[in-house]
Number of protein chains: 2
Amino acid sequence: MKSTTEIEELGLTKQRKVVLSVIMDSKEHLTANEVFELSKGLLPKISFATVYNSLRYLKEEGLISEVSFGSGASKYDRMTDRHDHAICSKCGKLVDIHLDLPEELIRQAARHSKFKPESMELTLRGTCPECK
Amino acid sequence: MKSTTEIEELGLTKQRKVVLSVIMDSKEHLTANEVFELSKGLLPKISFATVYNSLRYLKEEGLISEVSFGSGASKYDRMTDRHDHAICSKCGKLVDIHLDLPEELIRQAARHSKFKPESMELTLRGTCPECK
DNA sequence: CTTAGAATTAGAATTATTCTAAATTCAACT
DNA sequence: AGTTGAATTTAGAATAATTCTAATTCTAAG
């Protein structure tokens, strides 16, 4: 996760700042379309393409993350610490959870896949409290 | 995972059998489009809509699973035992890995999310051997 | 101030997925 | 076997999600 200073050093454009702030200020995971709608509120002339470009850029810089599952649009999430997700198989609700993944599990995954590990994420599929 | 007998009891249509066999016989994870192309080889008149319908049906019956990540089309995978994925952040290559998730981790995830757990899956992001 | 590269814009294009309506198949009943 | 109704399939249209294009604007370096 980047520090405030590091973020400032990126010299984000007006549009990218807006896109970032929309995601930072949201409690929810937003689709690109939702980010676009909210950004328009702050910067009426912003275009869809810019939102997508910004999302890609911010993702590459590690400021936000993209989550996708099953069908439907990707969702964008502010990048905090490493975290995991739970998704409701009834209503599709997505929430963040913070788990301590045992180091051993990461080593095991790296060994099995022969991949050089960068990060690991866990997804719990289940029924959310509202749907239970 | 369903037994052969259970699968037979579903009375799959010709089309659904073809879609299922295409996925079962593939070593790779296939996109809906790839499933369509391969199915056409076996059943030239099959339509795209039927492939999607079949994929949805087979997924609901628990015979196949859908994997999606970042951008691009969903991929479909034969349902074997519970398993996890590793995805290459360079080339996008997706491979299956088999890990033993500690029960404790599942309980922890359920506790944090307040979801009734159904399944849990882990995704390792890293660099595949070819890209290293 | 000029200039080149990067970013933005509007809208078109592409890709992925779902929907629609008509035709077909299938199983259950007479 | 013939009829009926529900489920499925088909072809193609429609929608949704994402990316591309070309023209314009911004920005930072000289």
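We name chains A, B, ... by the order of the sequence lines, and we start the count at 1 in each one. What you see below is based on every heavy atom in this structure, not just the backbone, and it leaves out hydrogens, waters and symmetry mates. For clarity, every value in this text was computed on a predicted model and none was experimentally measured.
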* **Residues B:Glu66 and B:Ser74: side-chain donor-acceptor under 3.5 angstrom** =>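 Yes, B:Ser74 and B:Glu66 have a side-chain donor paired with an acceptor closer than 3.5 Å.
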
* Asked: Is there a donor in the side chain of B:Asp77 and an acceptor in the side chain of B:His83, or the other way round, less than 3.5 Å apart?
  ->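 Yes - a donor-acceptor pair under 3.5 Å links their side chains.
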
Euclidean distance, atom [atom1] of residue [X] to atom [atom2] of [N] [Å, nearest integer]:
X: B:Tyr76; N: C:dT17; atom1: OH; atom2: C1'; value: 9 Å
X: B:Leu55; N: C:dA16; atom1: CG; atom2: C1'; value: 13 Å
X: A:Leu58; N: C:dT8; atom1: CG; atom2: C1'; value: 15 Å
X: B:Phe69; N: D:dT18; atom1: CZ; atom2: P; value: 14 Å
X: B:Asn53; N: D:dA7; atom1: CG; atom2: P; value: 14 Å
X: A:Phe36; N: C:dG11; atom1: CZ; atom2: C1'; value: 12 Å
X: A:Lys75; N: D:dT18; atom1: NZ; atom2: P; value: 12 Å
X: A:Leu12; N: D:dC26; atom1: CG; atom2: C1'; value: 15 Å

Are OP1 or OP2 of [N] and a side-chain N or O of [X] less than 4.0 angstrom apart?
X: A:Thr31; N: D:dA17; value: no
X: A:Arg56; N: D:dT19; value: no
X: B:Ser74; N: C:dT17; value: yes
X: A:Tyr52; N: D:dT18; value: yes
X: A:Gln15; N: C:dT9; value: yes
X: A:Ser47; N: C:dG11; value: no

* Asked: When clusters are formed by joining ILVMFWY residues with side-chain heavy atoms under 4.5 Å apart, either directly or through shared neighbours, do B:Tyr57 and B:Val19 land in the same one?
  ->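 Same cluster: B:Tyr57 reaches B:Val19 through Ile, Leu, Val, Met, Phe, Trp or Tyr contacts under 4.5 Å.
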
* Report the residue (B:Arg16 or A:Lys14) whose heavy-atom-nearest nucleotide on DNA chain D is the more 5′ of the two. =>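 Its nucleotide being nearer the 5' end, the pick is B:Arg16.
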
* Asked: Toward the 5' end of DNA chain C, which comes first, A:Val51 or B:Ala32, by nearest nucleotide?
  ->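 This one resolves to A:Val51.
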
* Let me know, please, whether B:Asn33 or A:Thr13 comes out on the 5' side of the other along DNA chain C by nearest nucleotide. =>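 Mapping each residue to its closest nucleotide by heavy atoms, the 5'-most match is A:Thr13.
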
* To do: Using a 4.0 Å heavy-atom cut-off across all strands, classify B:Thr50 as base, sugar-phosphate, or nothing.
  =>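 Since a base atom lies under 4.0 Å of B:Thr50, the category is base.
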
* Shortest side-chain distance from A:Ala49, nucleotide among C:dT9, D:dT18, D:dA11 ->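 Closest nucleotide to the A:Ala49 side chain: C:dT9.
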
* From C:dC19, C:dT17, C:dT9, pick the nucleotide closest to the side chain of A:Ile46? ->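 Of the candidates, C:dT9 comes closest.
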
* Over 60° means perpendicular and under 30° means parallel, so classify the ring planes of A:His85 and A:His29, tilted if in between. =>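 It falls in the perpendicular class, over 60°.
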
* Asked: If you measure from the Lys or Arg side-chain nitrogens to the Asp or Glu carboxylate oxygens, is any gap between A:Glu28 and A:Lys93 under 4.0 Å?
  ->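 Here A:Glu28 does not pair with A:Lys93 in a salt bridge, since their nearest N and O are not under 4.0 Å apart.
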
